[in-house]
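Take a look at the structure set out below.
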Amino acid sequence: MDFKKLPPVQEQIMKCVRCGKCRSVCPVFAEIGNETAAPRGHVFMVQMLRDGKVEPDQDVYDHLANCLMCETCSVNCPSGIDIHQLNAAARSYIYDHNPTVGKELIFDTLWTNPALLKTSTKFLWGAQKTGLQNLARNLGLMKILPGDLPKAEGILSSIPLRSGRGRIKEVNPAQGDQLYRIGYFLGCGTDLLHPQVAKATVEVLTRNGCEVIVPRETRCCGLPHLANGKMDTARKLLAHNVKIFNEYDFDYIITDCGSCSSALSYHNIEFVLGGLKIEDQAFAFADKVIDLTKFLVEVLDIHLPENPQAERCRVTYHDPCHLANAQGIKTQPRELLKRIPGVELVEMAEANRCCGGSGTFSVTHYDLSMKILDHKMDNAMETGAAYLATCCPSCMMQLQYGVNRHKWNCQVVHPVELVYDYYQSLPELAKV
Ligand code: SF4
Ligand code: SF4
């Protein structure tokens with residue numbers, strides 16, 4: 001696909017009026033304070049790239065990569081420019097001129113193949129015992145691994161041995177009368193890093209009248225590829241997932257990961273697959289995709305049985321950028337939390353400010369990511385919550401690292417885990 005002909009590149013750049021609104025909300029600019037790291041600077045840079053005034057080289061890539069893809073700039077741009085899409089398109093264009101062995105290995109070989117990805121996380125699980133940095137050094141991997149991985153090894157420090165797929169069945173019948181047939185899009189982050197969330201998702205959905213199918217051939221949603229200059233691979237992954245899920249007759253396609261639901265949304269599919277022959281099938285697929293908390297609150301309208309003995313607990317909520325900015329989903333996760341008896345929801349300041357994780361950003365830009373994380377943790381800790389809830393496995397991993405880093409006695413959870421735990425705490429008769 002021709003970078004210069006992509007709609008954001010061809011049509012949107014000219015709408016920039018240089019107002020600087022995007023700059024004023026950008027979490028990276030807030031830390032770096034340099035125009036080239038600001039979204040307005042990125043727009044200008046992409047324009048120069050398009051017009052051949054700068055070369056598609058690593059320097060330009062590095063400037064553009066100082067970005068979390070959090071979409072805060074895009075939702076605040078008065079001209080409606082999809083600044084993050086401009087950035088992603090430009091990164092791919094530059095990467096195609098400067099491919100690297102490390103990225104091909106990680107994003108094309110491992111991250112397109114669920115079995116290999118799972119094997120590599122088991123390898124990481126083993127590496128945790130010896131220290132990732134030592135292991136990578138001994139194997140000579142330091143030269144090809146991206147960015148700040150050795151510094152970031154603590155972020156990957158709690159990889160479970162057993163994946164989500166290993167804990168849940170492919171077909172999970174509804175308990176009681178079946179209301180809906182659900183395709184569960186089990187993303188890599190939930191599957192490999194937070195398998196307990198996958199288990200809770202399936203249990204809560206089946207308990208509430210949903211048959212849940214977990215297609216075994218599901219592959220990554222493609223968002224990590226898009227953020228790392230691998231747009232062609234993201235396109236192939238999307239096309240594969242569309243084909244797999246469209247073979248079933250699902251009422252809804254649900255994911256508990258804000259990044260996955262944004263990658264599978266109409267808006268992103270239009271950007272990544274725009275103009276391909278399978279566009280109609282892809283839009284039919286996107287029409288069915290829905291975030292788990294939105295489904296539980298707006299479609300199922302779940303209400304949990306009262307339990308006078310329910311323990312009271314204070315919970316605060318962090319908005320994942322790909323849920324709040326990319327999809328406008330802010331009230332539904334909060335509403336779900338409020339419906340759990342005993343939960344007191346306490347808002348943190350700037351709940352929709354990025355946590356600095358953004359998938360692979362904390363690995364490629366460790367120091368910058370930690371500055372952004374520390375702001376988030378200051379706000380979160382002020383609430384005195386016992387639980388820090390969020391709806392994205394990447395945010396969960398980053399926030400858990402922040403909790404450990406600040407020695408805060410708090411548990412990072414997905415809201416569905418609290419729903420599941422509540423069901424588990426009910427006396428036997430009330431569970432049915
Ligand atoms: S907010 Fe939009 S119009 Fe204003 S400078 Fe940024 S990209 Fe340009
Ligand atoms: S996507 Fe986020 S980090 Fe990137 S330029 Fe926009 S506001 Fe800044």
Side-chain angles (χ1 to χ4, degrees), residues 6-50 60-92 94 147 223-229 231 234 258-259 262-263 265 267-268 271-272 318-328 350-376 392 394-395 398:
L6 285 170
V9 181
Q10 196 168 37
E11 296 155 18
Q12 293 190 5
I13 290 179
M14 65 183 80
K15 294 186 195 161
C16 178
V17 292
R18 304 271 183 261
C19 67
K21 176 72 182 157
C22 53
R23 200 177 80 153
S24 68
V25 295
C26 172
V28 169
F29 180 74
E31 299 299 340
I32 296 185
N34 179 333
E35 179 71 22
T36 60
R40 186 172 64 177
H42 293 166
V43 173
F44 190 52
M45 187 92 73
V46 176
Q47 191 171 13
M48 293 205 291
L49 195 62
R50 182 196 64 180
V60 177
Y61 187 98
D62 290 344
H63 280 301
L64 292 170
N66 270 328
C67 164
L68 296 145
M69 295 284 177
C70 68
E71 305 192 27
T72 313
C73 51
S74 302
V75 292
N76 282 283
C77 170
S79 300
I81 301 175
D82 289 311
I83 306 166
H84 64 287
Q85 290 188 352
L86 282 178
N87 192 320
R91 287 188 204 184
S92 280
I94 299 171
L223 208 60
H225 303 77
L226 208 51
N228 283 280
M231 194 160 164
S259 295
S262 83
S265 68
H267 191 56
N268 188 60
F271 167 55
V272 177
H318 159 73
D319 284 296
C321 300
H322 288 123
L323 204 58
N325 291 335
Q327 302 176 76
E350 301 180 296
N352 63 352
R353 184 188 172 113
C354 183
C355 64
S358 190
T360 49
F361 189 84
S362 55
V363 173
T364 55
H365 296 73
Y366 178 81
D367 292 334
L368 181 53
S369 169
M370 288 305 110
K371 285 185 186 170
I372 299 168
L373 175 62
D374 287 343
H375 276 296
K376 171 58 63 179
C392 169
S394 164
C395 298
Q398 174 86 341

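Order of appearance sets the numbers: ligands from 1, and atoms from 1 within every ligand. Only this structure's heavy atoms are used, side chains among them; waters, hydrogens and symmetry mates stay out.
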Proximal atoms of ligand 2 relative to Cys73 (non-hydrogen, under 4.0 Å):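 Counting atoms of ligand 2 from 1, those under 4.0 Å from Cys73 are 1 (S), 5 (S), 6 (Fe), 7 (S).
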
Option nearest atom 2 (Fe) of ligand 2 (shortest heavy-atom distance, choices Ala30, Cys70, Ser24, Ala227):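 Shortest heavy-atom distance from atom 2 (Fe) of ligand 2: Cys70.
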
Which protein heavy atom lies closest to [atom], and at what distance to 0.1 Å?
atom	answer
atom 8 (Fe) of ligand 1	Cys16 SG, 2.4 Å
atom 1 (S) of ligand 1	Cys22 N, 3.3 Å
atom 4 (Fe) of ligand 1	Cys19 SG, 2.3 Å
atom 7 (S) of ligand 1	Ile83 CD1, 3.6 Å

Cys77 near atom 8 (Fe) of ligand 1: N/O/S under 2.8 Å: no

Atom indices of ligand 1, in the order listed, that fall short of 4.0 Å to a heavy atom of [X]:
X	value
Arg18	5 (S), 8 (Fe)
Arg40	5 (S)
Val17	3 (S), 8 (Fe)

Any donor-acceptor N/O pair, Arg353 side chain to Lys376 backbone, under 3.5 Å: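 Side chain of Arg353 to backbone of Lys376: no pair is present.
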
Answer with yes or no whether the side chains of [Y] and [X] bring together a donor and an acceptor at under 3.5 Å.
X	Y	value
His375	Glu350	no
Gln398	Ser369	yes
His84	Asn325	no

Test: Arg18 and Glu35 ion pair at under 4.0 Å: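 Salt bridge between Arg18 and Glu35, a charged N being under 4.0 Å from a carboxylate O: no.
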
His42 near atom 4 (Fe) of ligand 2: N/O/S under 2.8 Å: no

